[in-house]
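Here the structure is laid out as structure tokens; the discussion comes afterwards.
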Amino acid sequence: MQEFDVIIIGAGPAGLRAAKVLAEGKAKVLCIDKKQEIGVPKRCGEGFGLSWMERLGLKPDNKWCLQSINGAALYAPSMKSVKIDFKKVSGYIIERRVFEKELAKEAASKGAMIRTKCHASDFERKGGKVIVSCAEQGENVKYATPLIIAADGTESLTARKLGFDTKIGLNDIDSGYQYEMANISFENPHFIHFFFGKEIAPRGYLWLFPKGKNCANVGIGIAGSEPKTAKEYLDKFVKAHPGLRNGSIIEVNAGTIPVGGFLDELAADNLLVVGDAAHQVNPIHGGGIGIAMEAATIASGIALKAIAEKNFGSKFLNQYTVQWYETRGNKLKRILKQRHMLEELNDNNFETLAKSISGSDIMLIAEGDLKSSAKMVIKKLVKHPKLAKVMLKYLK
Amino acid sequence: MTAVNDRNKCCYCAGCPIVCPVGAIELIDGIVVIDKEKCTNCGACVKVCPVGAMSIKR
């Protein structure tokens, strides 16, 4: 049986990042994915902020950066909008399948072993190691390792099979549906567009992320507990918009986003959980590429220490939990409050906000700056005390 | 009564296994497999499904 220092389950952004960092640290690492092709199908709007790329040391590459983004437009149901203009490139809409393949090539070049169409069906703890049974291109193979990194997405089957509960309630999950559309027309291709309203996307929003001038990811995320499906809302929106109505659908994407329910612990004996599997997602916009890759970097640092000290116990590995919350988790928990605020707003509230506040005001809220946000709400919503009260409840 | 999956509608997004409170649903080899013995007909999978591929049937 082949042995590895670490086996990573899932070759998405988090898993491939971990593979690279661990290989650079001279660990013997295997990264497997049950799909036969990395990066496909995407479950993603493909927006990636420049500040995240810089934080992760990634250079924007024309191979996968399809469209530069300088700002965002937020639309109330009447289509009155608030614009956030950064006046410079603040992010890109990327091509996930190309991006992830580049990550895979880089990890492989550092010495990581990657295998696709390799499904880890069973995990067994034995003598301080985990035996992973895999179906690899139809053949049964077993690998052994003292440490598993579960990077297998929202479904998080690996963690669950290793006795680590990552179940999530219907209120903490968004149900998402998206069309990649071609031959459509929309306003500014250098802006990402968000649409709000109870009839448009109950307890969520609808997005249009441009991929070139006449193409875009048009998608929706709504609360998992909503009775109508995400598809119904998306179809209704597309039909109602002349610029989209006659467009072609070149890809259909479905997925669920763990927007709440952060886990108290991100590690157990022989196990580190990263990315969507660990619910590491921005609760306001549902974005998770950068967050997942950052978490994978932190987890890999602890993994390298664990290998050096031959300690794969839960207590040691949970240093990752502490580091992640300090670096990112606590901030995301604050942002989760803002999500609950957003969920409480009705259509009239959205209209009032679109008239009363500016793009930079929205940025204060989105970035989780509670104090400044509260000050702004008190100042700008003097004439709307009811709405201000609702919002202030969440800005403490 | 049990949850059923309409393969023509299903996009294999794996939303249903995540929300199933009793672990009755798994995505195996790209197909949604439902354990009828475990299923409690709670409807969580029906609600979370983005495309309406899940339903509760006799």
Side-chain angles (χ1 to χ4, degrees), chain A residues 10 34-36 40-44 117 119 121-122 135 138 152-157 159-161 165-179 201 204 219-235 251-258 261 276-277 279, chain B:
Chain A
K34 67 179 175 187
K35 301 192 304 272
Q36 67 186 51
V40 179
K42 67 174 189 267
R43 293 172 183 165
C44 183
K117 205 167 174 62
H119 178 213
S121 52
D122 197 33
D152 50 345
T154 318
E155 199 183 354
S156 196
L157 217 57
R160 284 166 85 167
K161 282 192 172 164
D165 189 11
T166 56
K167 227 183 300 150
I168 195 162
L170 275 176
N171 281 325
D172 289 329
I173 198 152
D174 263 11
S175 173
Y177 202 60
Q178 176 176 272
Y179 296 136
I220 186 172
I222 59 169
S225 51
E226 281 300 317
K228 271 207 259 177
T229 66
K231 180 181 185 299
E232 283 173 79
Y233 285 103
L234 182 60
D235 285 339
E251 201 174 304
V252 172
N253 309 121
T256 39
I257 316 157
D276 275 357
H279 310 170
Chain B
M1 301 269 279
T2 181
V4 271
N5 169 265
D6 180 342
R7 275 184 210 173
N8 292 323
K9 284 187 183 170
C10 183
C11 289
Y12 314 107
C13 77
C16 47
I18 309 152
V19 297
C20 179
V22 293
I25 310 178
E26 262 196 77
L27 197 63
I28 300 173
D29 294 333
I31 290 168
V32 171
V33 180
I34 300 153
D35 185 335
K36 286 180 192 170
E37 300 298 314
K38 281 193 196 167
C39 177
T40 60
N41 317 313
C42 73
C45 55
V46 181
K47 278 188 173 165
V48 84
C49 180
V51 293
M54 301 300 293
S55 57
I56 305 287
K57 289 223 169 91
R58 249 175 225 288

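Each chain gets a letter, A, B and so on, in the order the sequences are listed, and its residues count up from 1. What you see is a predicted model; the values in this text were computed from it and never measured. These values consider heavy atoms only, across backbone and side chains, with no hydrogens, waters or symmetry-generated copies.
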List the atom of [X], the atom of [Y], and the distance in Å for their closest heavy-atom pair.
{"X": "B/Lys47", "Y": "A/Ser225", "answer": "CD-O, 3.5 Å"}
{"X": "A/Arg160", "Y": "B/Ile18", "answer": "NH1-CA, 3.7 Å"}
{"X": "B/Cys49", "Y": "A/Ser175", "answer": "C-OG, 4.0 Å"}

Among A/Gly176, A/Ala223, A/Pro227, A/Gly153, which has the most heavy-atom pairs under 4.5 Å with chain B?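 With the most close heavy-atom pairs to chain B, the winner is A/Gly176.
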Chain B shares the most heavy-atom pairs under 4.5 Å, among A/Ile257, A/Asp172, A/Thr256, with A/Thr256
Any side-chain heavy-atom pair of A/Tyr177 and B/Cys11 under 4.5 Å: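 Answer yes - side chains close enough.
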Who passes ring-ring contact (aromatic ring centres under 6.0 Å, His included) against A/Tyr233, sequence neighbours left out? none
Under the criterion side chain to side chain contact (heavy atoms under 4.5 Å, CB included), which of A/Asp174, A/Ile173, A/Thr229 is the partner of B/Val48? A/Ile173
Any residues in residues 51-58 of chain B near chain A, with a heavy-atom distance under 4.5 Å, and which are they? B/Val51, B/Gly52
Interchain contact, [X] with chain B, by part (heavy-atom threshold 4.5 Å):
{"X": "A/Ile168", "value": "both"}
{"X": "A/Thr154", "value": "both"}
{"X": "A/Ile222", "value": "neither"}

Supply the atom-to-atom distance B/Ile25 CD1 to A/Glu155 CD, rounded to the nearest 0.5 angstrom. 10.5 Å
Selection from B/Gly15, B/Cys16, B/Pro17, B/Cys10 maximising heavy-atom pairs under 4.5 Å formed with chain A: B/Pro17
